[in-house]
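Naming convention: chains lettered A, B, ... in sequence-line order (proteins, then strands); numbering from 1 in each chain.
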Amino acid sequence: MTSDVALSIDEQVALLRRGTTEIISEADLRAKLALGRPLRVKLGVDPTAKDVTLGWAVVLRKVRDFQRLGHTGCIIIGDFTAQIGDPSGKSKTRKQLTREEVQANVEAVKEQLFKILIPERTEIFYNADWLGKMTFEDVIRLCSRYTVARILERDDFTKRLAEQRPISMHEIMYPLCQGMDSVEINADVELGGNDQKFNNLVGRTLMEQYGLAPQVVVLSPLLVGTDGKEKMSQSLGNYVSVIDTPNDMFGKTMSIPDELIANWFELATDVPLSEVSELLAPGTNPRNAKVRLAKEIVGLYHGVEAAEAAEQYFVDTFGKKTQPVDAEEAVILPEWVEDGFVSIPALVVALGLAKSNGAVKDLVKAGAISLDGEKVTELRLAHADLVGKTMKVGKHEFRKLA
RNA sequence: GGGUAGAUGCCCGAGUGGCCAAUGGGAACAGACUGUAAAUCUGUCGGCGAGAGCCUACGCAGGUUCGAAUCCUGCUCUACCCA
């Protein structure tokens with residue numbers, strides 16, 4: 001096998017251990033690494049999202065770490081399981097997706113995956129290929145290999161049971177489905193977020209049941225989102241996507257709470273941890289560390305130059321509070337102009353910066369909308385007074401009107 | 001299959017015939033302050049409308065009433081107890 005680097009087993013394990021909370025078991029992992037063949041490193045992907053977020057990137061980057069050591073990344077697109085909806089970490093039943101929705105998401109996401117993964121060492125599978133073909137008899141047989149008590153041990157289920165919340169039958173099948181994926185591709189290692197521990201362990205059990213060597217489970221912590229509270233996820237809106245523009249990426253990163261800086265460095269960048277502790281040493285301004293963090297992240301996905309530019313933009317725009325030179329341009333369409341006047345609410349809504357006219361009125365009332373630095377107080381302004389000016393909506397949205 | 005309790009806005013949760021677009025808390029958004037951090041203070045927080053006002057909303061469908069989130073009937077969903 002071809003590794004990009006020649007490392008001892010110890011060094012390999014050390015590399016792989018960064019950004020993980022648990023490896024079950026490390027001894028097994030060492031044994032597998034010692035085999036000297038490319039390992040099949042499985043990562044299940046639930047195509048409920050259209051963007052690869054930094055949270056998701058944590059595990060993808062871990063796959064990439066394995067790939068650099070010469071192993072094969074096996075990405076399982078859970079097109080079948082997405083229709084069930086993973087109950088992990090949820091206190092509610094998830095809505096089920098249609099096949100069409102799943103398909104659309106997959107297409108959108110595939111390209112983004114390869115911003116991180118090494119294509120030549122990646123295999124992509126769709127679990128509908130095997131799960132979708134199981135007969136009812138197969139399913140019953142599979143069920144017989146696991147007990148209700150063991151399934152209910154799972155945290156989310158225990159909790160829901162205690163809170164007298166519903167648990168549907170199809171949800172308890174989820175871990176088994178995921179376990180079958182491991183059986184099907186004969187995984188050596190399965191990666192996952194911490195919340196996947198239960199599912200991944202079921203995979204180990206099932207593999208043994210089916211006469212295979214149990215996979216090693218490598219768990220990563222969940223990246224906390226920009227809100228500093230919940231795990232980063234698209235549905236919560238607290239995410240940074242790998243296809244965000246450099247400026248967005250930079251800005252969003254700057255908005256995270258200070259307590260998250262170290263964690264983000266560890267999980268989302270390659271900066272050596274020793275350097276991170278220096279950056280965050282007592283007496284230093286956390287802001288500087290955060291700037292570095294933001295630059296690192298932008299650099300990973302857009303390159304060093306873009307990172308420099310994003311920093312410059314950030315400093316100019318938010319530090320010095322000047323108007324951004326290169327604000328996104330927004331053309332005022334003729335149909336928005338009436339008798340030479342433009343309705344501000346309609347304009348802002350049309351630009352997608354607010355969801356209703358009422359919301360824009362509130363913003364105007366609050367002084368949150370300005371033109372070239374001057375607060376807008378009227379709901380209707382002359383078209384001529386708008387063109388060429390930069391409109392600021394809220395804290396960070398700028399549009400150069402044309 | 002039988003019984004009991006419950007379903008309210010993004011979430012929790014008050015409201016038992018008019019004063020309810022619906023108390024309160026949280027979340028969210030915005031303003032001030034700052035480092036687009038935290039904390040704090042202030043404001044907003046269903047939609048449309050310049051406004052008067054109109055529309056949509058309290059699980060679903062009907063009904064009673066001048067008037068219903070609130071009463072009645074049927075249905076759906078959930079939990080618990082019994083089988």
Chemist: Atom CD of A:Glu338 to atom C1' of B:A50: distance rounded to whole Å?
Modeler: 13 Å
Chemist: Say we look at B:G13 and B:A83: how far apart would their C1' atoms be, to the nearest angstrom?
Modeler: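 Their C1' atoms lie roughly 35 Å apart.
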Chemist: Say we look at B:C55 and B:G6: how far apart would their C1' atoms be, to the nearest angstrom?
Modeler: 31 Å
Chemist: Regarding A:Asp51 and A:Trp56, do their side chains bring together a donor and an acceptor under 3.5 Å, going by distance alone?
Modeler: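 Per modelled atom types, A:Asp51 and A:Trp56 side chains form no pair under 3.5 Å.
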Chemist: What is the distance from CG of A:Leu381 to C1' of B:A50, rounded to the nearest Å?
Modeler: 14 Å
Chemist: Roughly, in whole Å, what's the span from CG in A:Asp227 to P in B:A27?
Modeler: 11 Å
Chemist: Give a yes/no answer on whether the side chain of A:Ser356 brings an N or O atom under 4.0 Å of OP1 or OP2 in B:C48.
Modeler: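 For B:C48, OP1 or OP2 has a side-chain N or O of A:Ser356 closer than 4.0 Å.
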Chemist: Please measure how far the C1' atom in B:A68 lies from the corresponding atom in B:A32, and state the result in whole Å.
Modeler: 44 Å
Chemist: Taking any heavy-atom pair under 4.0 Å as a contact, classify A:Leu379: base, sugar-phosphate, or nothing.
Modeler: nothing
Chemist: Take A:Ala359 and A:Lys375, find for each the nucleotide of RNA chain B with the closest heavy atom, and name the residue whose nucleotide sits nearer the 5' end.
Modeler: A:Lys375
Chemist: Begin with the C-alpha distance, continue with both residues' side-chain angles, and end with the deciding distance and a verdict on side chain to side chain donor-acceptor pair (under 3.5 Å) for A:Glu153 and A:Thr158.
Modeler: CA-CA 6 Å; A:Glu153 277 169 17; A:Thr158 312; over 6 Å; no
Chemist: Remember a base hit wins even if backbone is also touched, and classify A:Asn357 as base, sugar-phosphate or nothing at under 4.0 Å, heavy atoms.
Modeler: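 Sugar-phosphate contact only - A:Asn357 comes under 4.0 Å of backbone atoms but never of a base.
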Chemist: Which label fits A:His71 and A:Phe66: parallel for a plane angle under 30°, tilted from 30 to 60°, or perpendicular past 60°?
Modeler: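 Perpendicular: the ring planes of A:His71 and A:Phe66 meet at over 60°.
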Chemist: Is the shortest side-chain N/O distance from A:Lys229 to OP1 or OP2 of B:A28 below 4.0 Å?
Modeler: yes
Chemist: For A:Leu219, run the side-chain contact (heavy atoms from CB on, under 4.5 Å) check against A:Asn200, A:Leu191, A:Asp195, A:Leu201 and tell me which one passes.
Modeler: A:Asn200
Chemist: Across the strands shown, which category fits A:Lys361 at heavy-atom distances under 4.0 angstrom: base, sugar-phosphate, nothing?
Modeler: base
Chemist: Which nucleotide, in any strand shown, forms a Watson-Crick or G-U wobble pair with B:A22, with both distances under 3.5 Å?
Modeler: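 Base-paired to nothing in any strand shown.
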Chemist: Check every strand shown and say whether A:Gly251 touches a base, only sugar-phosphate, or nothing at a heavy-atom separation below 4.0 Å.
Modeler: base
Chemist: On RNA chain B, compare the nucleotides closest to A:Asp362 and A:Asn247; which residue's is nearer the 5' end?
Modeler: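 In this pair, the answer is A:Asn247.
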Chemist: Keeping the roles fixed (side chain from A:Gln12, backbone from A:Leu7), state whether a donor-acceptor pair exists under 3.5 Å.
Modeler: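 Yes; judged by distance alone, with no hydrogens or angles, the pair exists.
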Chemist: Pick one: which of A:Ile76, A:Ile185, A:Ile77 meets side-chain contact (heavy atoms from CB on, under 4.5 Å) with A:Asn127?
Modeler: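 Result for side-chain contact (heavy atoms from CB on, under 4.5 Å) with A:Asn127: A:Ile76.
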Chemist: Grab the CG-P distance between A:Asp339 and B:A50 for me, whole Å please.
Modeler: 14 Å
Chemist: At 4.0 Å (heavy atoms only), tell me whether A:Asp258 reaches a base, stays on the sugar-phosphate, or touches nothing.
Modeler: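 Base, at least one base atom sits under 4.0 Å.
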Chemist: For B:G62, give the paired nucleotide (Watson-Crick: N1-N3 plus N6-O4 or O6-N4; G-U: N1-O2 and O6-N3; both under 3.5 Å), or none.
Modeler: B:C72
Chemist: How many whole angstroms separate atom NZ of A:Lys392 from atom P of B:A30?
Modeler: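 It is 10 Å, rounded to the nearest whole Å.
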Chemist: Within this structure, what is the CG-to-C1' distance between A:Leu260 and B:G35, rounded to whole angstrom?
Modeler: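 Taking CG of A:Leu260 and C1' of B:G35, I get 16 Å after rounding.
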Chemist: Between A:Lys395 (NZ) and B:U36 (P), how many Å, whole number?
Modeler: 11 Å
Chemist: Just how far, in rounded Å, is C1' of B:A37 from CZ of A:Phe318?
Modeler: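 Atom CZ in A:Phe318 sits about 14 Å away from atom C1' in B:A37.
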Chemist: Looking only at side-chain N and O atoms, does A:Ser255 come under 4.0 Å of OP1 or OP2 in B:A37?
Modeler: no
